[in-house]
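Here the structure is laid out as structure tokens; the discussion comes afterwards.
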Amino acid sequence: MVKEAGREDVGVRERVREALFKSARELGLEIERSRIHLERPKELSNGDLSSNIALLTAGLIKSNPLKLAERIVENIPIDPDFIEKVEIAAPGFINFYFSVKYLRDQVLKINRLKGSYGDMDLGKGKKIQIEFVSANPTGPLVLVSARSAAVGNALVNLYKKAGFNVESEYYLNDAGKQVHKLGISLMARFRQSLGESYNFPDDGYPGEYLIGIARQIPEDKGREWLGLESDVGVVKFVDFALERMVESIKKDLESFGVSFDLFFKESALHRSNGEIDQALEIMKEKGKIYENDDALWFRSSDFGDEKDRVVVRSDESPTYFLADAAYHLNKLRRGYDRVIDIFGPDHHGHVQRLKAASAVFGGSKDWLEIITVQWVRLIEDGKEISMSKRAGEYITLNDLVSDVGLDATKFFFLMRKNSAHMDFDLSLARKKSDENPVYYVQYAHARISSVISFAKENNVEFPDNWDCVELLEEQEEMDLIRKLVVFPQLVEGSVLMNDPNRLTTYTREIASYFHSFYHICRIISNDSHLSQARLLLAEATRIVLAESLRLIGVSAPLKM
RNA sequence: GCGCCUGUAGCUCAGCUGGAUAGAGCAACGGACUUCUAAUCCGUAGGUCGCAGGUUCGAAUCCUGCCAGGCGUACCA
């Protein structure tokens, strides 16, 4: 029932599209429904929805677009309670205006549906997995990972709202050379902690966090590990380091408000006759493997990759790529209808080869979608903060959150589209003032909450009879409602584009429209019916704002 | 060299997958609080949408070629 209502909102375009389609067909115009494009004009004076159907088709029947538009409009079957006015504008647009009744009804609908407003069934329960962050557990989470975390988390929320059955996952690279280096680095730190003058390995991880972890190793244990044969001993250090690193990454993500259904360990794929072997076997069966220079190569270039990729090295060890391919074989077997990977920019070279592997394993063309989130630069007082991962000097997720706060961090990351390189302005994010867009939006929510409690104190209650919305007629009221009713489309659009940034922009617009309304229209006044009507509108705004913020993972404070 | 991303107001960025007069925030300037939160509102100013072609009724958006920046281009992950 609730879902139906949400779908109907997205179906607004569908209703208009259908009317256009029927009218056009009456005129003998054969046009595919899907080609009838409806958009929201920038200028309110151009209506709430606009169609370019006449412009598109006039050429086909050698007619003037304006005249054709007129004919289409003449006998268009549309409910006047829904669309009040249909106008034609040069050079041939057909503009639709929502009726005032329709808009007022939406205020009531939002009040009725509350947080479920905008829920929809786009996904039809399809099972979809979103994998993100997946940073190597060889150090604390850095800025790009933080950005991926913010984006991934928001997408999980959005897909759920859109009716998908979503699982979130973190792929843990707990095998391979980098992890080995981590162990060696920890061993070095441990030796140093014993007072040995031990040279730290050149290609080790020099960050201070390993010094801290080294201190946690009980001295007798550590000495025992050093006494073991070097291969076996290093593994002890690897395991210790991994356990602590994973623990701290999980903790950091949790305090960032991001959780995962599963942390999938790469090592699970490496067991004998495990998925890595099977993945290779399938590639061989499909004839996509050949040998060269003692190594095994995968013909990813058959699928649009720049060149073929090594899957088994000449020393017979599997590459990272083969493990990653095997991981996707595993995902495929788990029966997801779709899988989304969120990559950092340093991994974009992997996109084609992974898609190639998925195709070989039998995944359909759209089964695997890869989103690339771009780099983040930190700016302070107008200058870039330089970081060196090599030297172990960098700002972590934790540093950032404790500096500017949880909400500002997420909000800032989600203000940009994924594919845009972003400058994170620390000085601005830090400011708890009107200059900071997060507080602008949160302030609107706090303000509404405050008005609602003020209303209660003054015995203005939410009405049982909702007829009072008929008193809503001011320009600011209508403009605000028009903004609110777009919410379901925003949810849908964010999902289709795999980018939550629109929603963030939207929260700023809602806040702005509300503030204007607030200044022009006194909410709690001597007119009790009008007060109730405006209270309903304020509450509807609060609901949409709170739900939008929830989706992007930002809190909606009652007071500020 | 090749591939991916980016180039829009002084700064940071939107621009709804081709629409109508290109929009916000910050910074600048001028106004608005004895009444529900001034962390707010209203107004002014600010543009060759990197450059050049092309596609069409119509281009910031699509195509081609340049220019600039970032990243990738390992039998590392």
Side-chain angles (χ1 to χ4, degrees), chain A residues 37 39-43 45-46 50 52 55-56 58-59 65 89-93 95 135-136 138 173 175-179 181 203 266 292-297 305-307 309-315 317 319-321 323-324 344-352 372 374-375 377 379 382 415-425 428 431-437 439-440 442-444 446-455 457-458 460 486 489-490 492-494 496-497 501-502 504-506 508-509 511-512 514-516 518-520 522-525 531 534-535 538 559-560:
Chain A
H37 197 68
E39 68 172 32
R40 211 160 7 108
K42 268 174 269 182
E43 294 286 322
S45 61
N46 287 328
S50 176
N52 60 355
L55 288 160
L56 281 179
F93 291 108
N95 297 332
N136 281 349
T138 51
N173 301 119
K177 291 186 181 176
Q178 298 303 320
V179 173
K181 276 190 209 165
D203 60 348
E266 180 192 342
N292 190 27
D293 292 339
D294 293 330
L296 295 183
W297 296 71
D305 198 4
E306 291 172 61
K307 56 181 184 184
R309 307 289 170 178
V310 171
V311 284
V312 179
R313 303 186 185 95
S314 48
D315 68 359
S317 63
T319 60
Y320 170 82
F321 165 58
D324 213 358
D346 49 339
H347 277 68
H348 75 241
H350 290 239
V351 172
Q352 287 310 320
T372 304
Q374 277 296 342
W375 291 115
R377 290 198 309 168
I379 307 289
M415 279 198 294
R416 308 291 172 248
K417 60 182 171 203
N418 302 328
S419 62
H421 301 237
M422 81 174 272
D423 284 355
F424 193 109
D425 187 338
L428 177 62
K431 281 186 189 163
K432 294 212 169 7
S433 73
D434 55 337
E435 292 167 52
N436 191 330
Y439 298 113
Y440 179 79
Q442 291 186 318
Y443 180 69
R447 196 179 221 184
I448 299 171
S449 304
S450 160
V451 171
I452 290 171
S453 42
F454 178 87
E457 286 160 23
N458 289 273
V460 179
V486 158
Q489 290 166 38
L490 258 295
E492 185 187 35
S494 302
L496 293 178
M497 300 292 285
N501 89 302
R502 281 179 196 196
T504 312
T505 306
Y506 178 67
R508 299 171 74 177
E509 289 172 3
S512 168
F514 176 76
H515 286 313
S516 297
Y518 178 88
H519 269 267
I520 304 291
R522 169 99 200 166
I523 298 174
I524 307 305
S525 65
S531 297
R534 289 182 170 165
L535 197 58
K559 266 187 220 164
M560 279 175 80

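Per chain, numbering begins at 1; letters A, B, ... match sequence-line order.
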* Asked: Can you tell if the side chain of Y506(A) reaches within under 4.5 Å of the side chain of Q489(A), non-hydrogen atoms only?
  -> no
* Are D203(A) and K181(A) close enough that some pair of their side-chain heavy atoms sits under 4.5 Å apart? ->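 With C-beta onward as the side chain, the pair touches.
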Taking any heavy-atom pair under 4.0 Å as a contact, classify [X]: base, sugar-phosphate, or nothing.
| X | value |
| --- | --- |
| P65(A) | nothing |
| F321(A) | nothing |
| D293(A) | base |
| S314(A) | base |
| H421(A) | base |

Select one nucleotide: of [options], the one nearest the side-chain heavy atoms of [X].
| X | options | result |
| --- | --- | --- |
| S516(A) | C36(B), C41(B), C75(B) | C41(B) |
| K307(A) | U6(B), U73(B), A77(B) | U73(B) |
| Q374(A) | C4(B), C5(B), U37(B) | C5(B) |
| N173(A) | C36(B), U12(B), A77(B) | A77(B) |
| E306(A) | C2(B), A77(B), C36(B) | C2(B) |
| W375(A) | A77(B), C71(B), U40(B) | C71(B) |

* Asked: Is a donor-acceptor contact shorter than 3.5 angstrom present between the side chain of H350(A) and the base of A77(B)?
  -> yes
* Asked: For the base of C5(B), is there a side-chain donor-acceptor partner from T372(A) under 3.5 Å away?
  ->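 For T372(A), whose side chain was compared with the base of C5(B), there is no donor-acceptor pair (under 3.5 Å).
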What is the distance from [atom1] of [X] to [atom2] of [N], rounded to the nearest Å?
| X | N | atom1 | atom2 | value |
| --- | --- | --- | --- | --- |
| M560(A) | A38(B) | CE | C1' | 13 Å |
| Q178(A) | A77(B) | CD | C1' | 5 Å |
| Y443(A) | C36(B) | OH | P | 11 Å |
| I379(A) | C11(B) | CD1 | C1' | 11 Å |
| D423(A) | G7(B) | CG | P | 13 Å |
| Q352(A) | U73(B) | CD | P | 15 Å |

Please measure how far the [atom1] atom in [N] lies from the corresponding atom in [M], and state the result in whole Å.
| N | M | atom1 | answer |
| --- | --- | --- | --- |
| G15(B) | G54(B) | P | 29 Å |
| G53(B) | A59(B) | C1' | 13 Å |
| C67(B) | U48(B) | C1' | 16 Å |
| U64(B) | A28(B) | P | 44 Å |
| U6(B) | C41(B) | P | 31 Å |
| A24(B) | A14(B) | C1' | 7 Å |
| C49(B) | A9(B) | C1' | 10 Å |
| C16(B) | U61(B) | C1' | 12 Å |

So, for [X] and [Y], which heavy atoms are closest and what is the spacing to 0.1 Å?
| X | Y | value |
| --- | --- | --- |
| Q374(A) | S419(A) | CG-O, 3.1 Å |
| F321(A) | V310(A) | CD2-O, 4.1 Å |
| L535(A) | I523(A) | N-CG2, 4.1 Å |

* For nucleotides 14-26 of chain B, read 5' to 3', which letter fits each nucleotide if B means a protein heavy atom sits under 4.0 Å from the base, S means only the sugar-phosphate is that close, and - means neither? -> SSBB-BB----SS
* Asked: Which nucleotides of nucleotides 28-35 of chain B have their base under 4.0 Å from a protein heavy atom (B), which only their sugar-phosphate (S), and which neither (-), written as one string 5' to 3'?
  -> -------B
* Does the cation-pi check pass for R508(A) over Y440(A), that is, NZ or CZ under 6.0 Å from the six-membered ring centre and within 45° of its axis? -> no
* Asked: How would RNA chain B look in dot-bracket form, 5' to 3', counting Watson-Crick and G-U wobble pairs with both distances under 3.5 Å and writing | for bases paired to another strand?
  -> (((((((..((((.....[...)))).(((((.......))))).....(((((..]....))))))))))))....
* **salt bridge (Lys or Arg N to Asp or Glu O under 4.0 Å) against E509(A), all qualifying residues, sequence neighbours excluded** =>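 Expected list: K483(A).
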Counting N and O atoms only, with roles assigned by atom type, does the side chain of [X] sit under 3.5 Å from a partner on the main chain of [Y], one being a donor and the other an acceptor?
| X | Y | value |
| --- | --- | --- |
| S531(A) | S525(A) | yes |
| S453(A) | S450(A) | yes |
| N52(A) | L55(A) | no |

* Name all residues meeting the side chain to side chain donor-acceptor pair (under 3.5 Å) criterion together with S50(A); count only those two or more places apart in sequence or in a different chain, and write none if there are none. =>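 By the side chain to side chain donor-acceptor pair (under 3.5 Å) rule, S50(A) matches N95(A).
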* To do: Can you sort out the partners of N136(A) under side chain to side chain donor-acceptor pair (under 3.5 Å), two or more places apart, ordered by chain and number?
  => none
* Can you find a side-chain donor-acceptor pair between H421(A) and R416(A) that sits under 3.5 Å? -> no
* Structure fact -> Classified by glycosidic angle (syn within 90° of 0, else anti), C33(B) comes out syn
* **Nearest-nucleotide comparison on RNA chain B, the residue closer to the 5′ end among D425(A) and I448(A)** =>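 Upstream on the strand: D425(A).
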* To do: Let me see the working for M422(A) and R377(A) under side-chain contact (heavy atoms from CB on, under 4.5 Å), right down to the final yes or no.
  => CA-CA 6 Å; M422(A) 81 174 272; R377(A) 290 198 309 168; over 6 Å; no
